[in-house]
There are 2 protein chains.
Amino acid sequence: MQPRKTTIHDIAIRLSLSASTVSRALNNSPRISLKTREKVRNAAAELNYKPNHLAMNLRKGKGTTIGVIVPRLNRHFFSHAISGIESVINPTNYNLMICQTNEDYETEVKGLQSFVNHRLDGIIMSIATGTKKTGHIEYVVKEGIPLVLFDRMMGKISVDQVFNDNFAGSYDMTKHLIEQGYRKIIYFSGPLHLELYTDRYNGYRKALADSSIGFENEWLFTDVLTQSRGEEVAKILIKSDNIPDAIFAASDFSALGALLVFKNAGYAIPGQIGIAGFANEPFTGLISPAMTTLEQYSEELGRSAARMLIERMEFTTGLGAPNFVVVKPKLIVRGSTLRVPAGKERNEELISETV
Amino acid sequence: MQPRKTTIHDIAIRLSLSASTVSRALNNSPRISLKTREKVRNAAAELNYKPNHLAMNLRKGKGTTIGVIVPRLNRHFFSHAISGIESVINPTNYNLMICQTNEDYETEVKGLQSFVNHRLDGIIMSIATGTKKTGHIEYVVKEGIPLVLFDRMMGKISVDQVFNDNFAGSYDMTKHLIEQGYRKIIYFSGPLHLELYTDRYNGYRKALADSSIGFENEWLFTDVLTQSRGEEVAKILIKSDNIPDAIFAASDFSALGALLVFKNAGYAIPGQIGIAGFANEPFTGLISPAMTTLEQYSEELGRSAARMLIERMEFTTGLGAPNFVVVKPKLIVRGSTLRVPAGKERNEELISETV
DNA sequence: TTGTAGGCGTTATCAT
DNA sequence: ATGATAACGCCTACAA
């Protein structure tokens with residue numbers, strides 16, 4: 001614990017200069033002679049000077065920190081999205097402040113508030129499943145803080161957004177299942193108050209309708225996103241002797257739960273039952289049978305979000321019309337749903353590499 | 001974009017009070033009458049006042065942000081450690097600023113420097129594998145900023161540390177392999193300039209020695225931590241016909257790479273070759289055969305680190321003697337190494353649940 | 001119980 | 001090319 005940190009004043013005194021000169025020299029202002037700049041730099045190094053960003057930001061009315069809010073850090077999807085964000089942010093001189101909500105609304109509000117109080121310059125966020133109200137987000141927008149929503153879209157809010165074409169992904173997957181001969185396709189959904197999940201659900205429904213396959217209300221299970229929920233529902237299905245041809249889950253994790261339960265119960269996958277997920281989490285390529293799923297290009301999503309945010313921050317054109325970036329997920333077909341003999345009605349284009 | 005944000009002065013003017021009164025009222029100072037406090041609170045809400053943390057921190061010379069530096073966010077180990085940290089930090093009014101180094105030294109230095117400049121109040125960090133010098137860390141310590149090192153220990157630096165007993169974990173694993181009848185046990189290590197990895201390596205060597213099993217220099221492969229490196233080395237082993245009895249990898253990921261290569265090449269696991277990893281990443285329980293590995297209790301590690309940091313920050317007793325927390329990893333025995341018939345020399349205590 | 005004044009470290013404006 | 005001064009928004013002696 002040293003008494004006090006070196007400031008530009010200390011440097012100024014040491015060199016018999018004024019603080020403003022030192023400040024300018026440190027900022028490489030052309031108004032200061034090269035010789036002086038050199039002297040100042042040396043003295044700064046000698047005195048171990050470290051700029052105080054708090055003071056800088058206070059004075060300038062803006063800082064260099066971007067806040068990121070995600071539901072969970074330990075999802076491949078989000079950690080890779082963050083990697084994408086970082087790859088764009090790192091070369092700039094912005095810093096990342098990350099906060100995870102654990103899908104909880106209160107935590108989300110608190111985190112966002114803290115970002116506002118800290119006068120962060122921009123925010124990238126993905127809404128928690130627990131979030132049903134959007135006042136806190138609209139507030140940030142009204143406050144004039146650049147904000148980009150990502151993955152969990154929110155049609156009502158007029159703000160930049162980056163997300164997957166969930167409808168299309170879901171549609172493609174369902175079509176694939178139908179092509180493989182599955183007819184009774186049960187759907188594991190997330191909470192339907194999130195557009196993300198209604199879109200996925202609608203894509204599934206549309207594909208069924210387009211193939212003239214009837215839909216039964218009991219085919220839909222909501223809030224089945226985790227492995228344990230997937231296991232629960234799978235056990236219920238087995239116990240009630242309500243065995244589906246296939247399960248399409250809006251989450252790889254619940255798909256995994258179902259796959260394990262059915263496999264343990266002795267069902268042949270993909271023979272008796274097909275199972276597909278959503279997100280292409282790394283484990284989907286490692287289990288057996290490997291799981292059919294949808295690649296969401298999370299890293300690219302993150303990069304896009306970061307780029308959009310920086311755009312907003314630099315060209316602070318007030319509240320222009322919001323921009324949207326939509327990324328179409330890619331169908332990754334693997335063993336858990338592939339049962340049509342090769343060369344028959346199998347669509348070669350659908351077959352992707354398995355990691 | 002509104003013209004300017006509300007400050008305590010605005011509230012003061014509105015209520016014909018002084019700014020200091022408002023400040024005190026907002027901070028619930030008993031020196032201000034309850035009635036005034038109430039009035040101030042209302043006015044603040046009405047004017048949509050948000051405290052400026054930059055100014056607060058500048059004035060107080062300290063803030064409420066804790067920095068976390070990890071090599072990779074997308075490792076189960078680190079994302080769970082962060083969850084642990086958060087579970088301790090969230091109830092306080094500190095915030096987390098997270099930075100990932102991608103195992104790169106330069107990024108680590110830059111991140112740490114940025115933390116110092118932002119006057120963060122405390123730092124929890126795990127050193128990048130690319131880091132060989134420690135000056136930047138010692139600097140932070142000398143600067144008087146509370147710092148806790150975690151997972152990647154650094155014996156030379158006098159600072160609080162939380163880490164696994166890597167020697168013991170590695171020793172246990174090697175013993176287990178020997179008990180299973182494996183003799184030629186090849187070792188995939190991380191870079192040996194990190195104590196973490198020398199400790200693991202030494203545990204392995206000690207177990208071999210204690211069982212009077214000779215060690216050959218070609219059994220050691222360094223810098224084999226990723227899946228792709230694991231695959232590379234496995235292919236080299238097969239090509240050179242240098243087939244081991246078992247592989248013990250200091251990383252689940254390189255173990256995975258080897259497992260896949262040997263499995264694809266038609267080797268029976270655990271029959272012809274046993275494979276074990278380190279970290280208990282979720283996929284280890286999902287692949288087949290499921291992988292034997294070591295649980296590191298990352299969440300607990302994170303919690304301990306956060307607790308130690310807060311301790312240091314609150315009771316800022318200068319530079320007291322550093323504290324250490326050591327957590328012993330737990331052996332998780334699964335199919336990839338288990339081949340001794342039950343009831344023979346198999347040690348029941350070693351058999352743990354498979355998640 | 002409240003007000004006044006000064007300063008945290010920096011930078012922008014205006015002068016010299 | 002450099003200096004003096006004020007201000008960013010808040011807090012805290014000290015004074016009243």
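Letters A, B, ... mirror the listed sequences (proteins, then strands); counts begin at 1.
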Rounded to whole angstrom units, what separation is found between the NZ atom of Lys39(A) and the P atom of dA1(D)?
14 Å
When all nucleic acid strands are considered with a 4.0 Å heavy-atom cut-off, which category describes Asn57(A): base, sugar-phosphate, or nothing?
nothing
Give the rounded distance in Å between these two atoms: CD of Glu38(B) and P of dT1(C).
16 Å
Donor-acceptor pair under 3.5 Å: do we get one between Arg31(A)'s side chain and the base of dT2(D)?
yes
Once you measure the plane-to-plane angle for Phe77(A) and Phe150(A), does it fall in the parallel (<30°), tilted (30-60°) or perpendicular (>60°) bin?
parallel
Please confirm whether the shortest side-chain N or O distance from Thr21(A) to OP1 or OP2 of dT2(D) is below 4.0 Å.
no
Taking only the side-chain nitrogens and oxygens of Ser20(B), find out if one of them lies under 4.0 Å from OP1 or OP2 of dT2(C).
no
Please give, in whole Å, the distance from dA7(D) P to Leu54(A) CG?
22 Å
Does a distance-only test, which skips hydrogens and angles, find a donor-acceptor pair under 3.5 Å between the side chain of Arg119(A) and the base of dG9(D)?
no
Which nucleotide, dG3(C), dT4(C), dA1(D), lies nearest any side-chain atom of Leu17(B)?
dG3(C)
Would you say Asn74(B) and His76(A) are linked by a side-chain donor-acceptor pair, where the criterion is simply a distance under 3.5 Å?
no
Contact class for Ser33(B) vs. all strands (heavy atom < 4.0 Å): base, sugar-phosphate, or nothing?
sugar-phosphate
Grab the CG-P distance between Asn117(A) and dC10(D) for me, whole Å please.
10 Å
Nearest-0.5 Å distance that lies between atom CG in Leu58(B) and atom CG in Asn57(A)
10.0 Å
So, under a plain 3.5 Å distance rule, would you say the side chain of Ser23(A) forms a donor-acceptor pair with the base of dA12(C)?
no
Is Ser16(A) touching bases, backbone alone, or none of the nucleic acid, heavy atoms closer than 4.0 Å?
sugar-phosphate
Sorted by position of nearest nucleotide on DNA chain C, 5' first, the leading residue of Met56(A) and Ala19(B) is Ala19(B)
Salt-bridge criterion met for Glu138(A) and Lys133(A) (N-O under 4.0 Å)
no
From the candidates dA4(D), dT2(C), dT10(C), the one with an atom nearest any side-chain atom of Arg24(A) is dA4(D)
Tell me whether Glu103(A) is salt-bridged to Arg152(A), with the criterion being a basic N under 4.0 Å from an acidic carboxylate O.
yes
